[in-house]
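Side-chain atoms are counted along with the backbone in the values below, which use heavy atoms only and exclude waters and symmetry mates.
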Amino acid sequence: MAKIPSEFISLSETCPNIIIQSDYSTVKNFTGEIVRGYKKTAAYMAKAPAKALGEVQKVALSRGYNLKIFDGYRPVKAVEFFQEWAKRPETNPEIKAHYYPTFSRLDLFEQGFIAKQSSHSRGAAVDLTLVDLKTGKELDMGSHFDFFDERSNTDSKSITEEQKKNRMLLKELMEGKGFKNFSQEWWHYSFKPEPHPDQAFNFDVE
Ligand SMILES: C[C@@H](N)C(=O)N[C@H](C)C(=O)O
Ligand SMILES: [Zn+2]
């Protein structure tokens, strides 16, 4: 049984039947490695944001969509792992082409796509998308999760009207329950006010 601090709760508890796709607990992410601190497919957040996400899910379900979570709470050790990874030389051109074709690893921090002190570690942020209940498929957002490029900016001019509409639907649902979008990444939302603004956590996702 996972040992989770009392300030946190599993999103599976506050959001019944939520879909969790934890790429960081696999090698299928921008580092090409299992990210430090991710021990299984699970997602946690601080209690207030987790409950607010449950409210988002209720509205989404009533409109024919479920939420798919890519990441919730992120241990400090994972953020450190990202920084160590960025200092290492490029090794896999396929991964680079898939996740950050136009930037170097270090650029990703300088450009703001990856934070050195992340609201994910404070339990306030979530990376997510919408899934159509009828088809079981993700809505087309015009770029995939963790595609670090201008195209992933929420108001990117390089996407279709349909993709823009899908991003705006996610934004409307999230903003309706107290989350704010990070304009550089359509999938990243932080709950405001943060319940633990001065505390970064470091327990494993297990
Ligand atoms: C790495 C990406 N999924 C993300 O969450 N980026 C924001 C800026 C963060 O690292 O907090
Ligand atoms: Zn994020």
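Side-chain N/O atoms of Thr154 and Ser183 include no donor and acceptor closer than 3.5 Å. With 3.5 Å as the limit, one finds no donor-acceptor pair spanning the side chains of His188 and Asp71. The closest side-chain donor-acceptor pair between Ser104 and Asp107 falls under 3.5 angstrom. Counted by atom type alone, Asp23 and Gln21 present one or more donor-acceptor pairs between their side chains at under 3.5 Å. Between the side chains of Glu13 and Ser10, no donor N or O sits under 3.5 Å from an acceptor N or O. For the 3.5 Å distance criterion, the side chains of Ser158 and Glu150 qualify, holding a donor opposite an acceptor.
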>> Please determine whether side-chain contact (heavy atoms from CB on, under 4.5 Å) holds for the pair Ile114 and Phe109, giving the CA-CA distance in whole Å, both sets of side-chain angles, and the decisive distance to 0.1 Å.
In response: CA-CA 5 Å; Ile114 311 173; Phe109 288 86; 3.7 Å; yes
>> Does Val126 form a side-chain contact (heavy atoms from CB on, under 4.5 Å) with Ile69? I'd like the steps, not just the answer.
In response: CA-CA 7 Å; Val126 62; Ile69 305 301; 3.9 Å; yes
>> Working note: Leu11 + Met45, criterion side-chain contact (heavy atoms from CB on, under 4.5 Å); need CA distance, chi angles, decisive distance, verdict.
In response: CA-CA 7 Å; Leu11 295 184; Met45 287 186 87; 3.8 Å; yes
> What do the steps show when you test Ser25 against Lys40 for side-chain contact (heavy atoms from CB on, under 4.5 Å), and what is the final call?
Replying inline: CA-CA 6 Å; Ser25 69; Lys40 72 170 200 190; 5.9 Å; no
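Between Glu185 and Phe113 there is a side-chain heavy-atom pair separated by less than 4.5 Å. Residues Ile19 and Val131 meet the side-chain proximity criterion, which asks for heavy atoms closer than 4.5 Å. In this structure, the side chains of His120 and Asp127 come closer than 4.5 Å at one or more pairs of heavy atoms. Residues Phe201 and Pro75 form no side-chain contact, since every pair of their non-hydrogen atoms from C-beta on lies 4.5 Å or further apart. Considering only heavy atoms from C-beta on, Arg167 stays 4.5 Å or farther from Lys164 through its side chain. At least one side-chain heavy atom of Arg151 sits less than 4.5 Å from a side-chain heavy atom of Gln163.
Of the charged side-chain nitrogens involved, none lies within less than 4.0 Å of a carboxylate oxygen, so that Glu110 and Lys116 do not count as a salt-bridged pair. A salt bridge is defined here as a Lys NZ or Arg NE, NH1 or NH2 lying under 4.0 Å from an Asp or Glu carboxylate O, and Lys192 with Glu175 fails to meet this definition. By the 4.0 Å N-to-carboxylate-O rule, Asp204 lies close enough to Lys77 to be salt-bridged with it. Contact check on Lys58 versus Glu55 returns a salt bridge, with a Lys/Arg side-chain nitrogen under 4.0 Å from an Asp/Glu carboxylate oxygen. By the 4.0 Å N-to-carboxylate-O rule, Glu138 lies close enough to Lys68 to be salt-bridged with it.
Aromatic ring orientation, Phe70 versus Phe145: parallel (interplanar angle below 30°, classes split at 30° and 60°). Taking the six-membered ring for Trp and thresholds of 30 and 60 degrees, His144 and Phe147 have ring planes inclined between 30 and 60 degrees apart. Classification of the His196-Phe8 ring pair by plane angle, with boundaries at 30° and 60°, yields parallel.
Put simply, the side chain of Gln57 gets close to the backbone of Pro16: a donor and an acceptor are under 3.5 Å apart. Looking only at distances, no side-chain donor or acceptor of Asn153 sits under 3.5 Å from a matching main-chain atom of Ser156. Remark: the backbone N or O of Trp85 is paired with a side-chain donor or acceptor of Arg105 at under 3.5 angstrom. Side-chain N or O atoms of Asn92 include none that pairs as donor or acceptor with a backbone N or O of Lys96 at under 3.5 Å. Of the possible polar contacts, none joining the Ser152 side chain to the Ser143 backbone as a donor-acceptor pair under 3.5 Å is found.
The shortest heavy-atom contact between Arg122 and Ala46 is O-CB, 4.4 Å. Here the closest non-hydrogen pair linking Val79 and Ala115 is CG1-O, 3.5 Å. Of all heavy-atom pairs between Pro49 and Phe179, the closest is O-CZ, 3.4 Å. Listed here is the closest heavy atom pair of Val205 and Ala42: CG1-O, 3.5 Å. Here the closest non-hydrogen pair linking Ile95 and Gly32 is CD1-CA, 3.6 Å. Minimum heavy-atom separation, Val35 to Ala78: CG1-CB, 3.6 Å.
Annotation: Glu84, atom CD; neighbour count of heavy atoms from other residues, nucleotides and ligands within 6.0 Å is above 12. Sparse packing is recorded around CD of Gln117, with 12 or fewer heavy atoms of other residues, nucleotides or ligands lying under 6.0 Å away.
In terms of hydrophobic clustering, with Ile, Leu, Val, Met, Phe, Trp and Tyr side chains grouped at heavy-atom distances under 4.5 Å, Phe148 and Phe81 are assigned to a common cluster. In the hydrophobic cluster analysis, where Ile, Leu, Val, Met, Phe, Trp and Tyr join through side-chain heavy atoms closer than 4.5 angstrom, Ile159 is grouped apart from Leu170. Connection of Tyr65 to Leu61 is not established within any shared hydrophobic cluster, with ILVMFWY side chains joined at heavy-atom distances below 4.5 Å, either directly or through further cluster members. Following chains of ILVMFWY side-chain contacts shorter than 4.5 Å, one can reach Ile18 starting from Leu169, so the two form part of one hydrophobic cluster. Met174 is not connected to Phe182 by any chain of hydrophobic side-chain contacts under 4.5 Å among Ile, Leu, Val, Met, Phe, Trp and Tyr, and they are in different clusters.
Of the options Leu130, Asp140, Asp132, a side chain to side chain contact (heavy atoms under 4.5 Å, CB included) to Asn166 is made by Asp140 and by none of the others.
Put simply, CG on Asn66 and CG on Leu133 are 6.0 Å apart, with the number rounded to the nearest 0.5 Å. The CG atom of Asn181 sits 9.5 Å away from atom CG of Asp155, with the distance rounded to the nearest 0.5 Å.
For Tyr100 and Phe30, the ring centers sit 6.0 Å or farther from each other. Ring-centre distance between Tyr24 and Phe82: below the 6.0 Å cut-off.
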